[in-house]
*Asks:* 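The following block contains the structure, expressed as structure tokens.
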Amino acid sequence: MTSPLRLGIIGAGRMGITHYSIANAHEHAKITGVADPSKLVTTMLGKYAKVGTYKDYKGLLKGEQLDAVLVCTPPAFNPEIMDAVLAARLHAFVEKPFMLSSVDGNRFAESFDAAGLVNQVGYVNRWNDMFTKAKAFVDGGLIGEPLRFRSEMFSGTIIRDVGEAGWRSTHANGGGAIYEMASHAIDLIGYFFGAPDRVGGTSLSKVYSKQVEDIVSSSLFYDNGPRGGLAGTLYVNWSDASYRKPTNKFEIFGKAGKIQVDQHGMKVFLSEASEAHGLKQGWNQIYITDVFSSVPFYVRGIEYTAQLFDFIDAVRARQAGEAVPVRCTFADATA
């Protein structure tokens, strides 16, 4: 029986604790150390979870023998952290948006690949069963050639004047609706269609924030290649109090139909019935319960477990000399 992967977590906030619980549910992985500047957090983890605790990533990397790390810090800190992770030759899962600079993103994408290290970014919608099903429909030609799309995301993250409190209040720390939320909606566009050739007509609006945008809208254009002629819009609002939880919505219009999909369900309109998919002419409703995949441990959503288990399995395969595709690499996140 092989020894479990030894994982370290850098940043034990909401996402760090989420990944802690998921990773420890994998039969071939174990969190052995956690780094976080909060004395309260590390004290509680050390006392009740019996893991090594450190005030920063330097102590973690020096004090633990690790196979991989889960980096869950605000992205402004990530270049310094990832330089140290690369020097330690550790596989890495990093929470989105990964980097604040495409120059840094490209540098780490190339260097981690060159070192043969598994690298993955937490754009969790790529593991959501509704979005993966919708992508399979589009790639399979169900609605014909895609002509227009709309990628939207809404939440009540900033619904009052918070002044300058917290890392979300400045771009320098990775705050603002673009980095924090629109990156999810943008990544879905890349997941379905690849990077656009042009972006234009961008509008940024403040609602409660003083230094960063709360609403962003933009247009994206594909001029060349197999998607030439495709165009779409992006609209993200993190100051919409009518949404209790962050919600992604994606719509694709094609020559033979239309798909409207979010994390929980999908509506498909077809000009002609599809016997292969069991879909009738006109509107069809598909629910997450119709297509969801199974995971052995559930917290926040199936996709959260699926993405982290994929990372762990990819690291184990790499250690065994095998190559396993990663659904969202550093290069994907950079694009």
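Residues: numbered from 1 along the sequence shown.
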*Asks:* Between the side chains of H26 and D313, does any donor sit under 3.5 Å from an acceptor?
*Replies:* yes
*Asks:* How long is the span from the CG atom in L117 to the CG atom in L86, to the nearest 0.5 Å?
*Replies:* 6.5 Å
*Asks:* Rounded to the nearest 0.5 Å, what's the gap from OG1 on T157 to CZ on R168? Could you check?
*Replies:* 6.0 Å
*Asks:* Check I178, T233, I186, T202 against S218 for a side chain to side chain contact (heavy atoms under 4.5 Å, CB included) and give me the one that passes.
*Replies:* T202
*Asks:* Anything under 30° is parallel, anything over 60° is perpendicular, the rest tilted; go ahead and classify F149 against F250.
*Replies:* parallel
*Asks:* Strictly distance-based, threshold 3.5 Å: is any side-chain N or O of T305 a donor or acceptor partner for the main-chain N or O of F297?
*Replies:* yes
*Asks:* Test side-chain contact (heavy atoms from CB on, under 4.5 Å) on T132 and N128 and set out the steps.
*Replies:* CA-CA 6 Å; T132 57; N128 176 274; 6.0 Å; no
*Asks:* Rounded to the nearest 0.5 Å, how far does CD of Q263 lie from CZ of F131?
*Replies:* 4.5 Å
*Asks:* Any sub-3.5 Å donor-acceptor pair from N106's side-chain atoms to S102's backbone N or O?
*Replies:* yes
*Asks:* Return yes if a side-chain donor-acceptor contact under 3.5 Å exists between H91 and Q120, otherwise no.
*Replies:* no
*Asks:* Among D187, L188, V261, which residue meets the side chain to side chain contact (heavy atoms under 4.5 Å, CB included) test with N248?
*Replies:* L188
*Asks:* Thinking salt bridges, do E64 and R6 make one under a 4.0 Å N-O criterion?
*Replies:* no
*Asks:* With a 4.5 Å cut-off on side-chain heavy atoms, are L7 and L66 touching?
*Replies:* no
*Asks:* Report the relative orientation of the aromatic rings in F154 and Y235; use parallel for angles under 30°, tilted for 30 to 60°, perpendicular for over 60°.
*Replies:* tilted
*Asks:* If you count every heavy atom of other residues, nucleotides or ligands that lies below 6.0 Å from Y191 atom OH, does the total exceed 12?
*Replies:* yes
*Asks:* Give a yes or no answer on whether the side chain of E213 reaches the backbone of L204 with a donor-acceptor pair at less than 3.5 Å.
*Replies:* no
*Asks:* Do the numbers put R198 on top of the ring of F221, so that NZ or CZ is under 6.0 Å from the six-membered ring centre and no more than 45° off the axis?
*Replies:* yes
*Asks:* Supply the atom-to-atom distance K267 NZ to Q260 CD, rounded to the nearest 0.5 angstrom.
*Replies:* 5.5 Å
*Asks:* To the nearest 0.5 Å, what is the distance between SG (C72) and CD1 (I17)?
*Replies:* 9.0 Å
*Asks:* Between Y287 and H264, is the gap from one ring center to the other below 6.0 Å?
*Replies:* no
*Asks:* For a side-chain contact (heavy atoms from CB on, under 4.5 Å) check, start with the C-alpha distance between K96 and Y179, then their side-chain angles and the critical distance, and finish with the verdict.
*Replies:* CA-CA 9 Å; K96 63 85 196 167; Y179 284 140; over 6 Å; no
*Asks:* Can you tell me if CD on E275 sees more than 12 non-hydrogen neighbours from other groups inside 6.0 Å?
*Replies:* no
*Asks:* Less than 4.0 angstrom from a charged side-chain N to a carboxylate O is my criterion; do K206 and D214 meet it?
*Replies:* no
*Asks:* Check this for me: does any side-chain nitrogen of one of D129 and K133 sit under 4.0 Å from a carboxylate oxygen of the other?
*Replies:* no
*Asks:* Please determine whether a side-chain nitrogen of the Lys or Arg among D83 and R107 lies less than 4.0 Å from a carboxylate oxygen of the Asp or Glu.
*Replies:* yes
*Asks:* At what distance, to the nearest 0.5 angstrom, does CG of N78 lie from CG of D104?
*Replies:* 9.5 Å
*Asks:* Below 4.0 angstrom, N of the basic side chain to O of the carboxylate: do R150 and E251 qualify?
*Replies:* yes
*Asks:* Please lay out, stage by stage, how V34 and Y20 fare under the test side-chain contact (heavy atoms from CB on, under 4.5 Å).
*Replies:* CA-CA 9 Å; V34 177; Y20 182 101; 4.1 Å; yes
*Asks:* Test side-chain contact (heavy atoms from CB on, under 4.5 Å) on K258 and I252 and set out the steps.
*Replies:* CA-CA 6 Å; K258 180 169 69 172; I252 312 104; over 6 Å; no
*Asks:* Output yes when D332 and R327 qualify as a salt bridge under the 4.0 Å nitrogen-oxygen rule, no when they do not.
*Replies:* no
*Asks:* Does either side chain, that of D67 or that of Q319, offer a donor lying less than 3.5 Å from an acceptor on the other one?
*Replies:* yes
*Asks:* Is the shortest heavy-atom distance from the side chain of P246 to the side chain of M153 under 4.5 Å?
*Replies:* yes
